[in-house]
Amino acid sequence: MNAEDITLNIAVNLGRLSRWAQEGKKARINQFLIETQEYIDKLDNTKVKPKFKKTLDTFKTNFTRLKRCSDYDYDWAEQVLTWANILTHRAKLA
């Protein structure tokens, strides 16, 4: 998988995480937080374009913070969905 594909997989997972947070499905959230981290780890081992590096670094910092939260409320879901949109639009830069 190339960086663009991995980034799109992360974005799809973030969309799911947002939906499940709004539906209160915490077990699914935990499962996909782990899977998303695995994709991030793969992306770390893949060459990304310099144009995408700043976005990736900012996302990883925010994702680390979001993973630590245990209250998957509306604000959490909105932040996750915002990152899903950002990564979807910037995936071609990866």
Side-chain angles (χ1 to χ4, degrees):
M1 246 188 296
N2 62 27
E4 181 179 354
D5 293 339
I6 296 169
T7 301
L8 289 172
N9 284 341
I10 292 169
V12 169
N13 276 5
L14 294 175
R16 290 174 178 151
L17 285 165
S18 177
R19 186 178 76 240
W20 290 326
Q22 292 175 17
E23 294 173 358
K25 296 181 179 178
K26 290 186 178 186
R28 296 293 287 177
I29 291 171
N30 292 328
Q31 174 189 356
F32 273 76
L33 285 173
I34 292 167
E35 183 178 296
T36 302
Q37 183 61 57
E38 290 170 358
Y39 281 129
I40 292 168
D41 294 343
K42 279 185 184 180
L43 198 52
D44 282 341
N45 294 320
T46 304
K47 185 174 179 169
V48 297
K49 296 174 187 167
K51 282 184 165 183
F52 183 67
K53 184 78 169 114
K54 184 177 177 183
T55 300
L56 178 60
D57 291 342
T58 304
F59 165 68
K60 289 189 320 187
T61 299
N62 280 275
F63 186 72
T64 298
R65 181 183 48 78
L66 289 165
K67 279 192 324 185
R68 282 192 232 126
C69 293
S70 59
D71 184 23
Y72 307 120
D73 59 7
Y74 178 81
D75 289 334
W76 188 91
E78 280 296 309
Q79 290 178 50
V80 171
L81 188 58
T82 297
W83 275 109
N85 289 329
I86 291 168
L87 293 178
T88 298
H89 290 289
R90 297 197 181 159
K92 287 196 183 279
L93 299 176

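FYI, the numbering just counts along the sequence from 1.
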All pairs passing side chain to side chain donor-acceptor pair (under 3.5 Å) where residues 5-17 contributes a residue, at least two apart:
N13-R16, N13-E35, N13-T36

Got a second to check how far [X]'s [atom1] is from [Y]'s [atom2], nearest 0.5 Å?
X: I86; Y: F59; atom1: CD1; atom2: CZ; answer: 9.5 Å
X: E23; Y: S18; atom1: CD; atom2: OG; answer: 9.5 Å
X: K60; Y: N62; atom1: NZ; atom2: CG; answer: 12.5 Å
X: L56; Y: T61; atom1: CG; atom2: OG1; answer: 9.5 Å
X: I10; Y: K42; atom1: CD1; atom2: NZ; answer: 10.0 Å

Donor-acceptor check, side chain of W76 to backbone of L66, threshold 3.5 angstrom: yes or no?
yes

Among all residues two or more places apart in sequence or in another chain, which pass the ring-ring contact (aromatic ring centres under 6.0 Å, His included) test with Y39?
none

With sequence neighbours excluded, residues passing ring-ring contact (aromatic ring centres under 6.0 Å, His included) with F52:
none

Side chains of Q37 and D41: do they bring a donor and an acceptor to under 3.5 Å?
yes

Could you check whether R19 and Q22, counting side-chain N and O atoms only, form a donor-acceptor pair closer than 3.5 Å?
no

Do W83 and F63 have ring centres separated by under 6.0 Å?
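No, the ring of W83 stays outside the 6.0 Å limit from the ring of F63, centre to centre.
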
List the atom of A11, the atom of T88, and the distance in Å for their closest heavy-atom pair.
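Smallest interatomic distance, heavy atoms only, reads CB-OG1, 3.3 Å.
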
Might you point out which heavy atoms bring S70 and K26 nearest each other, and give the distance in Å?
O-NZ, 3.9 Å

For K54, I'd like to know if atom NZ has over 12 heavy atoms of other residues, nucleotides or ligands within 6.0 Å.
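Count not over threshold, so no.
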
Report, as yes or no, whether the 6.0 Å neighbourhood of atom NZ on K51 holds more than 12 heavy atoms from other residues, nucleotides or ligands.
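At most 12 heavy atoms, drawn from other residues, nucleotides or ligands, come within 6.0 Å of this atom.
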
Could you state whether L14 and L81 fall into the same hydrophobic cluster, counting links through intermediate Ile, Leu, Val, Met, Phe, Trp or Tyr residues with side-chain heavy atoms under 4.5 angstrom apart?
no

